[in-house]
S.K.: 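First the structure, then my questions, so here it is.
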Protein chains: 2
Amino acid sequence: MNEKKKLTLKDIGRELGISVSTVSRALKEHPDIAQETIKLVKDYAESNNYVPNLLAVNFRKNRTFNIGLIVPELVHHFFSTVISGAISEANNQGYNLMVSQSNDILKDEVLASRAMLNSSVDGLLISISNETHEGKHILEFLEKGKPVVQFDKITEKLPTPKVIVDDKDGASAAVKHLIEEGFTKIAHIRGREDVKNASERCEGYKNALKVAGLENHDYWIKTCIKISEQEGYDFTKELMEGENPPNGIFCITDLVALGSMRYLKENGYAIPKEVGIMGFSNWMLSSVVSPRLSSVEQHGFQMGVESTKLLLEMIKKQDVESIQTVELKTELIVRESSRMSNSEM
Amino acid sequence: MNEKKKLTLKDIGRELGISVSTVSRALKEHPDIAQETIKLVKDYAESNNYVPNLLAVNFRKNRTFNIGLIVPELVHHFFSTVISGAISEANNQGYNLMVSQSNDILKDEVLASRAMLNSSVDGLLISISNETHEGKHILEFLEKGKPVVQFDKITEKLPTPKVIVDDKDGASAAVKHLIEEGFTKIAHIRGREDVKNASERCEGYKNALKVAGLENHDYWIKTCIKISEQEGYDFTKELMEGENPPNGIFCITDLVALGSMRYLKENGYAIPKEVGIMGFSNWMLSSVVSPRLSSVEQHGFQMGVESTKLLLEMIKKQDVESIQTVELKTELIVRESSRMSNSEM
DNA sequence: AAGGATTGTGCAACCGTTTGCGGTAAATTT
DNA sequence: AAATTTACCGCAAACGGTTGCACAATCCTT
């Protein structure tokens, strides 16, 4: 009782007494076809609600209308925001989005990309895992003429366009803001050395200090491995118990900042009176913790949109050579955790 | 220089001097084919790394190996967790997952489902929007013989299998826990009346009170519209400023609980000493706020896995009639916000 | 009025695989 | 030795569109 037979071009042709090819052309208003024929066919198709068999079309044209997307982690505020943007733009242009995750494991990333490569996708959006270096599995896409766009976590080794946020600039702005609020001894809890974003943010931190001519010490820089709340807590403890405790901390991420704040609150430090805190990424949680956490918005949605636009452009013009880099600006979000002045009321 | 011509069955046949059909059958070890022929073909295919054109196969077989998934909101801890589970299970079984979101807008949901319906998906996983009631666009899937599985936010009106969590039981357990910890006047900040999950949780709340023989008042039940942090704050204010303030609050969601806690902290109430708080959903943030928030884990990952399993089973046996309901058990996560006793140390 | 240009349509190949059916040669049975 | 079975393999249609090309009919030249 299910699976009613679908209407095909052949059916229409038979019914209307014209050939399949004419029907096909009429439907797409080919100039060769007489207006009245076009109307005839279109009307019939409309009222019998004909829908073309995409499987057949795609097979013939050798493309799907799908694009793939792989992120290290799906359950992650920033990445899910990017995905949201990618879906939006893809759907706008008539494409569907296929999603997978690598869990930051190279093997899983290879598996996921292979699954998508074989004719189920016209192009790929990817934010690579920490373990990805060579990226042979990515090159396979290019070899098959399927464009790839990297976003956020990228590697320069792969000849594809890249969409990233200006981490260095964002970090600089964050630290500059702390300085302007009067914080003079600013520490940084950073991420792994081999992760580009982390290094960029650290660069931005150092630059801001240098420009302002403030003290800077290696012992004010702590390096997270997992970027966890606990690490934020532990490193803040180290910092505050050290000999020259800071009065401001710039954290690689909001989650780490949360840990930092937990330590400070537990130990009676007033935020921001005694210690100012800046996060990064502007996760939803930053606006609901107390004190509300200042952060740096990365415009993940926009990143998803831009990456997808780039990819679809390449798909449409069969271009697989482009390697431009788009750098998105961040936005400083000032909340309570860093505001000494009463600038807003 | 790209798009190297792909090897086809025809190529192999020509090269080996056998017919296309024999090659095809040899590759899948059809009993009609001689062992040596099989070996011959397989070896050739292997060393010239033949990969079948999935587009052609799918067209021929009229299926895609893709499944669709639609959620109200992608940037949402619970839903992204479900998606993560769905991807995991789908990939395990050789399927790709196509993801879309409705933003809780019916029109968007219809658009998304239509985009998937036309031959790009073999079945659908959906958590419906608040605006979805009839669900004609869902029925279209069934009419075409494509199975649908509903999860989390469901409607009984659609004849499909459903995977839900036992909200009532979870809520009951949460409130029961508050009671056991000694809280005697327990309020509830609930979600919209027309959302099933919200009503179930409210039921569970009422039941627990009744079983324990505690007071219950309509004025202890507040109804959120947007389920926001601010609503948690505002309703808690109302509750605490009312004539018979509660000493425990069960919130529909962790986010609301956060708002609740913010009001209490700002106004000098000790948590949990004076007021105990329970959230629901066990978002990541519940473990990083202070005091850490007790909550109810919904096992989103498992929900994604189960839903996908159900769907793939139906796809494989061409079954579109099944309507079983799977109810997942929740898990009480006790943290600081509700613990009066020192039961664990 | 004859030739060429224009307009509209159909034929048939094609995309790569799958599969029902028929056919041949060898092996087995009687 | 004839009849039947078995083991292999190929032909060709089919899936549902797309598209190059040929062709017929009509129109416009001169």
Side-chain angles (χ1 to χ4, degrees), chain A residues 3-42 44-45 48-65 94 117-120 122 144-146 318, chain B residues 3-42 44-45 48-65 94 117-120 122 144-146 318:
Chain A
E3 299 228 36
K4 40 172 82 165
K5 208 68 182 139
K6 277 207 349 187
L7 197 64
T8 72
L9 290 189
K10 198 188 297 182
D11 297 330
I12 301 182
R14 179 168 10 81
E15 211 58 37
L16 261 35
I18 54 185
S19 78
V20 179
S21 43
T22 301
V23 177
S24 170
R25 282 188 261 250
L27 252 14
K28 45 181 71 68
E29 309 194 21
H30 188 106
D32 269 8
I33 308 297
Q35 280 305 320
E36 46 179 343
T37 310
I38 290 183
K39 181 155 171 26
L40 182 71
V41 173
K42 283 202 144 189
Y44 186 92
N48 295 66
N49 58 28
Y50 164 78
V51 317
N53 181 331
L54 268 193
L55 248 34
V57 177
N58 292 347
F59 165 51
R60 185 61 229 266
K61 298 221 172 140
N62 194 36
R63 51 124 185 72
T64 66
F65 268 110
L117 179 56
N118 281 299
S119 322
S120 47
D122 295 338
K144 289 209 176 186
K146 309 201 175 190
Q318 298 273 30
Chain B
E3 299 229 36
K4 38 174 82 165
K5 206 71 181 131
K6 277 207 351 186
L7 195 66
T8 71
L9 291 187
K10 198 188 297 183
D11 298 329
I12 301 182
R14 182 169 6 83
E15 211 59 36
L16 261 37
I18 53 185
S19 78
V20 180
S21 41
T22 301
V23 176
S24 171
R25 283 189 257 248
L27 251 15
K28 47 182 68 67
E29 311 193 19
H30 189 104
D32 268 9
I33 307 298
Q35 279 307 318
E36 46 180 343
T37 310
I38 291 182
K39 181 158 171 25
L40 182 70
V41 172
K42 284 202 144 188
Y44 187 91
N48 295 64
N49 57 32
Y50 163 79
V51 317
N53 182 331
L54 266 195
L55 246 34
V57 176
N58 292 346
F59 164 52
R60 184 61 227 267
K61 297 221 173 139
N62 194 36
R63 54 119 181 75
T64 65
F65 279 122
L117 179 55
N118 282 300
S119 322
S120 46
D122 295 338
K144 292 207 173 186
K146 307 199 177 193
Q318 299 273 33

S.K.: Rounded to whole angstrom units, what separation is found between the CG atom of Asp11(A) and the P atom of dC15(D)?
M.R.: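 Those two atoms, CG and P, are 10 Å apart.
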
S.K.: Do you know the tightest heavy-atom contact between Leu7(B) and Tyr44(B)?
M.R.: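 For Leu7(B) and Tyr44(B), the tightest heavy-atom pair comes out as CD2-CE2, 4.5 Å.
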
S.K.: Would you say the side chains of Thr64(B) and Asp122(B) form a donor-acceptor pair under 3.5 Å?
M.R.: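 Indeed, the side chains of Thr64(B) and Asp122(B) share at least one donor-acceptor pair under 3.5 Å.
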
S.K.: Can you tell which of Ile38(A), Thr37(A), Asp32(A), Leu27(A) makes a side chain to side chain contact (heavy atoms under 4.5 Å, CB included) with Thr22(A)?
M.R.: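 The residue from Ile38(A), Thr37(A), Asp32(A), Leu27(A) that satisfies side chain to side chain contact (heavy atoms under 4.5 Å, CB included) with Thr22(A) turns out to be Thr37(A).
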
S.K.: Where along residues 25-42 of chain B does a heavy atom come under 4.0 Å from DNA chain C, residue by residue in number order?
M.R.: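 By residue number: Arg25(B), Lys28(B).
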
S.K.: On DNA chain D, nearest-nucleotide positions of Ala56(B) versus Gly17(B): which is more 5'?
M.R.: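 First, find each residue's nearest nucleotide; the 5'-ward one identifies Gly17(B).
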
S.K.: What nucleotide among dT19(C), dT18(D), dG10(C) has an atom nearest to a side-chain atom of Lys61(A)?
M.R.: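 The answer is dT18(D).
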
S.K.: Below 4.0 angstrom from OP1 or OP2 of dT18(C), is there any side-chain N or O of Ser24(B)?
M.R.: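 Yes, within the criterion.
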
S.K.: Which whole-number value in Å describes the distance from Arg60(B) CZ to dG17(D) P?
M.R.: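 After rounding, the reported distance stands at 15 Å.
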
S.K.: Tell me: NZ of Lys10(B) to P of dA12(D), nearest whole Å?
M.R.: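 Interatomic distance, NZ of Lys10(B) to P of dA12(D): 15 Å.
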
S.K.: Describe the nucleic acid contact of Leu55(B) in one word from base, sugar-phosphate, nothing, applying a heavy-atom distance below 4.0 Å.
M.R.: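 Here Leu55(B) touches no strand at all.
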
S.K.: Grab the CD1-P distance between Ile18(B) and dC11(D) for me, whole Å please.
M.R.: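 Taking atom P of dC11(D) as the reference, CD1 of Ile18(B) is at 12 Å.
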
S.K.: Using atom types as modelled and distance alone, determine if a side-chain donor or acceptor of Asn48(A) lies under 3.5 Å from a backbone N or O of Tyr50(A).
M.R.: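 No; judged by distance alone, with no hydrogens or angles, the pair does not exist.
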
S.K.: How long is the line joining CD1 of Ile12(A) and C1' of dT18(D), in whole Å?
M.R.: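 Nearest whole value for this atom pair: 15 Å.
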
S.K.: Among residues at least two apart in sequence or on other chains, which ones pass side chain to side chain donor-acceptor pair (under 3.5 Å) with Glu15(A)?
M.R.: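 Per chain and number, Glu15(A) pairs via side chain to side chain donor-acceptor pair (under 3.5 Å) with no residue.
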
S.K.: Nearest-Å distance, CG (Asn58(A)) to P (dT18(D))?
M.R.: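 Going from Asn58(A) (CG) to dT18(D) (P), I get 10 Å.
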
S.K.: Checking only heavy atoms, does the side chain of Thr22(B) share a donor-acceptor pair with the base of dC8(D) at less than 3.5 Å?
M.R.: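 No.
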
S.K.: Specify the closest pair of heavy atoms between Gly94(B) and Phe65(B), including all atoms of both residues, with the distance to one decimal.
M.R.: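 That closest heavy-atom pairing would be O-CD2, 3.9 Å.
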
S.K.: Can you find a pair of side-chain heavy atoms, one from Leu16(A) and one from Val41(A), that are under 4.5 Å apart?
M.R.: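 The answer is yes, as the side chains (C-beta and beyond) meet within the 4.5 Å cut-off.
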
S.K.: Need one value for Thr8(B): base, sugar-phosphate or nothing, where a base atom within 4.0 Å counts as base even if backbone is also close, heavy atoms only.
M.R.: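 Here Thr8(B) touches the backbone only, sparing every base.
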
S.K.: Could you state the atom-to-atom distance from CG of Leu9(B) to P of dT18(C) in whole Å?
M.R.: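 Roughly 6 Å, once rounded to whole Å.
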
S.K.: Side-chain N or O of Tyr50(B) versus OP1/OP2 of dT17(C): is the shortest distance under 4.0 Å?
M.R.: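 Answer yes for this pair, as a side-chain N or O of Tyr50(B) is under 4.0 Å from OP1 or OP2.
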
S.K.: Looking at dC11(D), dC15(C), dT17(C), which one has an atom nearest to any side-chain atom of Phe59(A)?
M.R.: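 For Phe59(A), the side-chain atoms sit closest to dC15(C).
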
